[in-house]
4 protein chains.
Amino acid sequence: MTEQNDMLDILLNSDEKLTEKQQKILEAALEIFAKKGYSATSTSEIAKKAGVAEGTIFRHYKTKKDLLLSIIAPTMAKLIAPFVMRDINKVLNTKHEKYEDFLKAMILNRQAFLRENMSAFRILIQEIPFHPELKEQFKEHIAEKVFHRFQHLVNFYKEKGQIIELPTEVVIRFTASSVFGYLLIRHIFLPEAKWDDEKEIEMTVHMIMNGIGAQE
Amino acid sequence: MTEQNDMLDILLNSDEKLTEKQQKILEAALEIFAKKGYSATSTSEIAKKAGVAEGTIFRHYKTKKDLLLSIIAPTMAKLIAPFVMRDINKVLNTKHEKYEDFLKAMILNRQAFLRENMSAFRILIQEIPFHPELKEQFKEHIAEKVFHRFQHLVNFYKEKGQIIELPTEVVIRFTASSVFGYLLIRHIFLPEAKWDDEKEIEMTVHMIMNGIGAQE
Amino acid sequence: MTEQNDMLDILLNSDEKLTEKQQKILEAALEIFAKKGYSATSTSEIAKKAGVAEGTIFRHYKTKKDLLLSIIAPTMAKLIAPFVMRDINKVLNTKHEKYEDFLKAMILNRQAFLRENMSAFRILIQEIPFHPELKEQFKEHIAEKVFHRFQHLVNFYKEKGQIIELPTEVVIRFTASSVFGYLLIRHIFLPEAKWDDEKEIEMTVHMIMNGIGAQE
Amino acid sequence: MTEQNDMLDILLNSDEKLTEKQQKILEAALEIFAKKGYSATSTSEIAKKAGVAEGTIFRHYKTKKDLLLSIIAPTMAKLIAPFVMRDINKVLNTKHEKYEDFLKAMILNRQAFLRENMSAFRILIQEIPFHPELKEQFKEHIAEKVFHRFQHLVNFYKEKGQIIELPTEVVIRFTASSVFGYLLIRHIFLPEAKWDDEKEIEMTVHMIMNGIGAQE
DNA sequence: GATGAATGAGACTTCATTCAT
DNA sequence: GATGAATGAAGTCTCATTCAT
């Protein structure tokens, strides 16, 4: 309960109550962190791009790291929101009769999120390796929750006879790999190529289902 | 020819002709770069860990970036070596009757490499996003070569009727995602877990083959 | 016009709008550069003498060279100011009936300047040989302008029959050599000797006039 | 006596007994010191240009400063040689009936020297201001000797009635200024211009003689 | 709340010099 | 005699952060 409320807090509070300057700072940091990495970015550079004085940054964020967290924390939360908040966003719930349909819905939903949060997402995956606290936080609060939810889901579809008898974690890993593989290539490595998203997702889900689906 | 010789040069020259101190420097840099990232690592820290004077680093590597490249360049080369040097390493060649067998051989081969070059590999994937020249170099010299080789391979097995009629790049993406997904989780995210590699690879290849294999 | 305004800008802006610390830095740099030369002077030494943190220097002057230029540029400008700004400073204009009078006025005027800007002048002549851009700037923007003005002046007095028929540039070189010779020995080589400036200038001008003056 | 022998030593020893490497080092240092100044020149740069190892420099010259002195000391000596060694080089002796002839001979003689020792001469005048010992050495051992010799000369011609009644030091300063003025412009400031040396010297001497010569 | 001058620690790098080979 | 790897002090410059205005 409390945790979910924490999450809600983060989700609802972020992007609100922000001074215009604060907004500018966040935007500038977002852009530069994503491009050059946290360590290689100087606060003076952020200040310049944000059009504020150097001191102003530290009025709103006690330290440079604080600024990083102000970007990463809400992004983490939003990234996994659909998997955690069961009553709010029903898009990904077990309403779907088929694992296939669930996958499609999930990919579309998260792809939409990615599209609007590319920079923040980049920062998230680029910085996590360098900040043990972030890594820990990610594992404990994020990865495991999503993983558990997925376990339930996969088991659910297994019982329905839609997924073959492989260890659940293997199924999850395979599914996740295929999905992330597509999303990363699509949005990070070759974002400027022309993509027929619908068809690509279709094929991806198709291969996944072939890979782990039970013969009907 | 020349390109292959370049590659050979890099592969054979590296790790040789190195002063003892130089070796120490490389090892120290390798370790710290991997853990904290290039930008967050100071040359004084490297010097201390290597047990040399800070000036000594710059006798061997003109700049800090030079030191980074001295680690990354050979790693890139070795990483893709089996895909590029057709006559030397036959492990991955089309001698394999089945795509399945090829996949297994490749995974085992590259997994062995990863095991011995984890730190360098981490640095490679962690730093590429922050260094446009590296990114470019990676795309042009590395990714495309490997990709082309894979195209030939996949087409070869397609003609043999072992792979279903999906766009070649989709097949490659799917295969690569599944394989990298396994390797990353296995070696980067959860390296300390106990893994039955043989079985995991077995299952991974199995799922891939289900996903894209033609029904016999 | 524009050029004259540039010059005016430099002349009027310099020494104004300066922080107290900035002023201190300039003074310290001035003194040490003059004594030890630009290259042999360290920024830490300047900081210490100026009583500021070393970082403060670089807040005001992007580089050490910048600091040098902040000293040299205005000095160059002021040095030749009377020769360039015809309407402002009439001291050296052709109001003088005789070349002799013009010379005396000029020497006195520039000697006063030198007295108050010895260090900067030293730096100017000591550093120009080592900085090609300065040399170029000096030649193009300074030397030529002054030279042209002198050509007009000498021609003017030639037409008046006060100067014998030698090539104008030879007359200028001779005059300049004699004047600079006096000023350098007086202020640079033997500044601590006792000088009767009025008499020395009298004799110098006398010799110059004998050297190039027409017999009346 | 001893002093003259010292001088002789320097003159005769220099350029002899030099290893090939040593010669190379001297040449390299000469060139770079002249261009960039002593302080801004690194020993490694000299080593590179000389084609020797860094250590080799310090085998021959205990310190970098030693290397500088090895260039400057003989140059100083040679520069004033004709004024000091009365019996060896008679070119500039009082054999000349007229001050005018003496001047011409002297200018030609020293101009020849300058032409062959430009770099060393540049270093001499560029570095003296920054090295108090050099300045002292120059004043005591060089300037004064030459000055005294000149005093005798000027007095000699004064007595002959060839020079007007001005203080001897004024005459010397005026003569020296005119001569150096010519030589500096000719060889340092505008060396690439086309010069009719004979005519220029003619005019220069002419002006000097007008300036200080007695009417016959 | 916002500014930007000031800071001092520490970043990368260069340097003159030494010394084992 | 020559080398060049090694050094550590010192060089220039950047940085995150503070604080008086």
Side-chain angles (χ1 to χ4, degrees), chain A residues 19-22 24-25 38-48 50-67, chain B residues 18-22 24-25 38-47 50-67, chain C residues 18-22 24-25 38-47 50-67, chain D residues 19-22 24-25 38-48 50-67:
Chain A
T19 327
E20 185 200 0
K21 302 249 171 192
Q22 208 166 345
K24 283 275 183 63
I25 291 168
Y38 170 78
S39 265
T41 301
S42 75
T43 48
S44 85
E45 197 181 354
I46 295 172
K48 202 177 294 167
V52 304
E54 292 195 45
T56 307
I57 292 179
F58 292 90
R59 179 153 298 278
H60 294 291
Y61 305 93
K62 229 175 5 196
T63 65
K64 188 186 165 194
K65 188 118 187 196
D66 243 44
L67 179 52
Chain B
L18 293 182
T19 323
E20 182 201 0
K21 305 254 172 190
Q22 204 167 349
K24 284 275 184 65
I25 292 168
Y38 168 78
S39 267
T41 301
S42 76
T43 50
S44 87
E45 197 181 354
I46 296 173
V52 304
E54 205 168 350
T56 307
I57 293 178
F58 293 92
R59 170 155 294 277
H60 296 292
Y61 306 93
K62 251 212 267 276
T63 63
K64 187 186 164 194
K65 186 116 186 200
D66 238 47
L67 178 53
Chain C
L18 293 182
T19 322
E20 182 201 0
K21 305 254 171 190
Q22 206 167 346
K24 284 275 185 64
I25 292 168
Y38 169 78
S39 267
T41 300
S42 76
T43 49
S44 86
E45 197 180 355
I46 296 172
V52 303
E54 205 168 352
T56 306
I57 293 177
F58 292 93
R59 170 156 296 277
H60 296 292
Y61 306 93
K62 252 213 266 275
T63 64
K64 188 187 164 193
K65 186 114 187 203
D66 239 47
L67 178 53
Chain D
T19 328
E20 183 199 0
K21 304 250 173 193
Q22 209 165 346
K24 283 276 183 64
I25 291 168
Y38 169 77
S39 266
T41 301
S42 75
T43 49
S44 85
E45 196 181 355
I46 296 172
K48 201 176 294 168
V52 305
E54 291 194 45
T56 306
I57 291 178
F58 292 90
R59 177 152 299 279
H60 295 292
Y61 305 92
K62 238 197 329 222
T63 65
K64 186 186 165 193
K65 187 116 187 197
D66 242 45
L67 178 52

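Proteins come first, then strands; the chains are lettered A, B, ... in the order of their sequence lines, and each starts at number 1.
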About how many Å separate NE2 of C/His60 and OG1 of C/Thr19, when rounded to the nearest 0.5 Å? 4.0 Å
Need to verify one output field. Residue with the more 5' nearest nucleotide on DNA chain F, C/Thr43 or B/Gly51? B/Gly51
Pairing partner (Watson-Crick or G-U wobble, both distances under 3.5 angstrom) of E/dC12: F/dG11
Using a heavy-atom cut-off of under 4.0 Å over every strand shown, decide if C/Thr19 touches base, sugar-phosphate, or nothing. sugar-phosphate
From CZ of A/Phe58 across to C1' of E/dG1 the rounded distance in Å is 16 Å
Considering just the side-chain nitrogens and oxygens of D/Thr63, establish if one lies under 4.0 Å of OP1 or OP2 belonging to E/dA16. no
Rounded to the nearest 0.5 Å, what separates atom CZ in D/Arg59 from atom OG1 in D/Thr56? 8.0 Å
Given DNA chain E, 5'-ward residue of the pair B/Glu45 and B/Lys62, judged by closest heavy atom: B/Glu45
Could you check how far CD1 of A/Ile46 sits from C1' of E/dG4, rounded to whole Å? 17 Å
Nearest nucleotide by nearest heavy atom, which residue falls closer to the 5' end of DNA chain E, C/Glu20 or D/Ser42? C/Glu20
For E/dA5, take OP1 and OP2 only and decide whether either is under 4.0 Å from a side-chain N or O of C/Thr56. no
Gap between atoms NZ and C1', on C/Lys64 and E/dT14 respectively (whole Å): 12 Å
Side-chain contact test, heavy atoms from C-beta onward, threshold under 4.5 Å: evaluate it for A/Ile46 versus A/Leu67 and give yes or no. yes
Whole-Å distance separating the CD atom of A/Glu54 from the C1' atom of F/dT14: 11 Å
Does the structure show a Watson-Crick or G-U wobble partner for F/dG4, both distances under 3.5 Å? Name it, or say none. E/dC19
Output the rounded distance in Å from NZ (A/Lys48) to P (F/dA16). 12 Å
Step-by-step side chain to side chain donor-acceptor pair (under 3.5 Å) determination, B/Thr43 to B/Glu54: CA-CA 7 Å; B/Thr43 50; B/Glu54 205 168 350; 2.8 Å; yes
Nearest-Å distance, CD1 (C/Ile57) to P (F/dC15)? 18 Å
Just the rounded figure in Å: distance from P of F/dA16 to NE2 of A/His60. 18 Å
D/Arg59 has an atom CZ; how far is it from atom P of F/dA5, in whole Å? 17 Å
Above 12 or not: heavy atoms from other molecules or residues under 6.0 Å from NZ of B/Lys62? no
When we call it a touch if two heavy atoms are under 4.0 Å apart, what does A/Thr41 touch: a base, just sugar-phosphate, or nothing? sugar-phosphate
